[in-house]
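Structure record follows, encoded as structure tokens.
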Protein chains: 2
Amino acid sequence: MENSEITILLVDDEPDILEFLGYNLGREGYKVLKAKNGQKALNLIKQHRPHLVILDVMMPVMDGMETCLEIRKNPDIADTLIIFLTARGEDYSQIAGFEAGADDYITKPIIPKVFVSRVQALLRRLKEVPKNTSIITLKGFTIDKSRYIVIKDDQEISLVRMEFELLLFLVSQNGKVVSRDKIFDNVWGEDVIVGDRTIDVHIRRIREKLGISSIKTVKGIGYKFWEG
Amino acid sequence: MENSEITILLVDDEPDILEFLGYNLGREGYKVLKAKNGQKALNLIKQHRPHLVILDVMMPVMDGMETCLEIRKNPDIADTLIIFLTARGEDYSQIAGFEAGADDYITKPIIPKVFVSRVQALLRRLKEVPKNTSIITLKGFTIDKSRYIVIKDDQEISLVRMEFELLLFLVSQNGKVVSRDKIFDNVWGEDVIVGDRTIDVHIRRIREKLGISSIKTVKGIGYKFWEG
DNA sequence: ATAATGGTTAAATAATCGTTAACTTATTAG
DNA sequence: CTAATAAGTTAACGATTATTTAACCATTAT
């Protein structure tokens, strides 16, 4: 996930702090929302579903602790990440904060770089791309085995089963020339017999979709997947 | 997940600290492992796969920072949670710590209750039952698990149970192609036997409600949830 | 009880994919 | 240069696979 896809809501009654934190997070590319009390924060959260809420503990109307509890109480938004802001040295209030369901606790005075680091540490796991075991990245394109697509210039190209399997086999030989016989044995199986033009037709269709240079012919020998 | 199922590895060269932290975490029910330097820690991590590692920054043989980098470098254990321990006031070493991939940073002197609170805050999300996100937001629409409803262009579309479950399964595979067999096993269950056209009919009804492009057919392979 | 709803089935229809055949174009050997 | 061989192209066929439709029970609701 990109930073620009991540929304952070800042909640503090002091406009200066809002401005200061917003500036620092904005510089990292995050989308930033602001609210000046817990009540307004809750409305914004329900509406915009931010990924992270940074709450000042001390606020009029509805303080940070109370806001945090409200967030955790509502199943729709309960999994929102929450960071508390508080004055230094109030160790006991930290405990209360975590018990209310905070994910982190940052003490004032705030040092921009430290602040941003903590935010990033908390968001890091959000950004992780779900593990994809089946993606092959080549020079010109990416093959996604599990989705049956090839991505070229940010374009999704879908191949049909036979094309995909043939391509996959050629790619798996990383650049080596493979004879038609080997291709037949590996893609079709030793016992299946098909005409000799069958491969050509599939190769042609792959070339049509991925570009003429994707597969190179070595006349009299076989084919190879293009490399550099 | 229960506390007793969660393993925490403590790494510090001072036996007293190890003892002190271990006692406090043990009281909460966590399983605790101990190592007196980064090198030994790495071996233990590979062997026991703890959920959280608490690393003292200052250590002989292999310091915390280096250990952290090693953990993040190894894909098998890279997702282990990491907390750094350091002396108070070194704000800038915090930044280095987070950049090395830490998830939290605790400064000495350590106050037991605060320490435990931070650990719990970090582990809280680990304990959550995975399937409790009742709302899934996709590109084109939103799925509300709790109400069996899909929202598309501000329109509430209601699917019946089977349609909903099939959709949910497809969505949960995020874009991967799933064979009919897998769909049967996961949506209907291994022992239930229904005709082969049953899936098609449900797919058809989902497409009718959510648009033809919501589910894509990969002929001969299976279906996949569309992702633009 | 009757009606409505949901899940499944069967059968008809449609689309697609893999293959083939016939033909054209390259490449190589004699 | 010509013949022979190998690969490329095209369009069409047919088998397979998917879609659609409507009807049928079994549940659940009225």
Side-chain angles (χ1 to χ4, degrees), chain A residues 145 147-150 156-170 177-226, chain B residues 145 147-150 156-170 177-226:
Chain A
K145 230 176 152 181
R147 292 181 177 73
Y148 267 80
I149 50 170
V150 174
E156 276 191 14
I157 300 163
S158 59
L159 307 187
V160 299
R161 192 172 57 86
M162 218 70 242
E163 291 160 14
F164 201 82
E165 253 148 50
L166 175 51
L167 175 69
L168 224 48
F169 175 64
L170 290 178
V177 182
V178 233
S179 70
R180 300 168 94 85
D181 279 350
K182 263 219 168 82
I183 293 175
F184 279 130
D185 284 358
N186 283 279
V187 180
W188 274 263
E190 316 234 3
D191 35 283
V192 183
I193 329 164
V194 288
D196 25 344
R197 300 271 65 71
T198 303
I199 286 184
D200 305 49
V201 174
H202 287 301
I203 294 274
R204 195 195 154 282
R205 287 175 182 163
I206 294 172
R207 284 174 173 161
E208 192 172 45
K209 288 178 179 176
L210 303 189
I212 188 73
S213 62
S214 55
I215 294 170
K216 205 168 175 263
T217 306
V218 182
K219 200 161 172 137
I221 310 292
Y223 294 98
K224 70 169 177 179
F225 187 79
W226 177 80
Chain B
K145 270 186 189 175
R147 291 193 295 158
Y148 270 48
I149 272 174
V150 175
E156 282 191 4
I157 299 164
S158 62
L159 307 186
V160 300
R161 200 185 105 251
M162 218 69 245
E163 291 160 15
F164 199 81
E165 251 146 52
L166 175 51
L167 175 68
L168 223 49
F169 175 63
L170 255 23
V177 179
V178 254
S179 69
R180 300 171 104 83
D181 279 350
K182 266 225 168 77
I183 293 175
F184 278 131
D185 284 358
N186 284 281
V187 180
W188 274 264
E190 316 232 6
D191 35 282
V192 182
I193 328 164
V194 287
D196 7 342
R197 301 270 65 74
T198 303
I199 287 184
D200 306 47
V201 174
H202 287 300
I203 294 274
R204 194 195 154 280
R205 288 175 181 161
I206 295 171
R207 296 216 260 232
E208 192 171 46
K209 290 177 180 177
L210 304 188
I212 188 74
S213 63
S214 54
I215 294 170
K216 204 169 176 265
T217 306
V218 181
K219 204 168 173 135
I221 308 294
Y223 294 98
K224 68 174 173 179
F225 186 80
W226 179 80

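Note that the coordinates shown come from a computational prediction; the quantities given were computed from them, not determined experimentally. Note on naming: letters A, B, ... go to the chains in the order of the sequence lines (proteins, then strands), and numbering restarts at 1 for each one.
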Review point. NA contact type, B/R205, heavy-atom cut-off 4.0 Å: base, sugar-phosphate, or nothing?
Key: base
Go through the structure and list residues passing salt bridge (charged side-chain N to carboxylate O under 4.0 Å, His left out) with [X], not counting sequence neighbours.
X	result
B/R197	B/D200
B/K219	none
A/R161	A/E165
A/K209	A/E163

**Study point:** Contact residues, residues 213-225 of chain B to DNA chain C [heavy atom, < 4.0 Å]
**Key:** B/K219
Practice item. Within residues 193-201 of chain A, find the residues that approach DNA chain C with a heavy atom at under 4.0 Å, and present them sorted by residue number. Key: A/V194, A/G195, A/R197, A/T198, A/V201
**Study point:** ring pair (Phe, Tyr, Trp, His ring centres under 6.0 Å): pairs with one or both residues in residues 189-219 of chain A, sequence neighbours excluded
**Key:** A/W188-A/H202
Practice item. Rounding to 10 degrees, work out the angle separating the end axes of the helix from C/dA1-D/dT30 to C/dA22-D/dT9 (five pairs an end). Key: 10°
Revision key, fill the gap. For B/T217, the side-chain hydrogen bond (donor to acceptor under 3.5 Å, both in side chains) test, sequence neighbours excluded, returns B/R207
Review point. Does B/F169 have any ring-ring contact (aromatic ring centres under 6.0 Å, His included) partners at least two apart in sequence or in another chain, and if so, which?
Key: none
Revision key, fill the gap. Span of DNA chain C engaged by chain A, first through last nucleotide within the 4.0 Å heavy-atom cut-off, is C/dC17 to C/dT27
Hey, what are the protein-to-nucleotides 27-30 of chain D N/O distances that come in under 3.5 Å?
none

Practice item. Compare side-chain N and O positions of B/R180 against OP1 and OP2 of D/dA18 and report whether any pair is under 4.0 Å apart. Key: yes
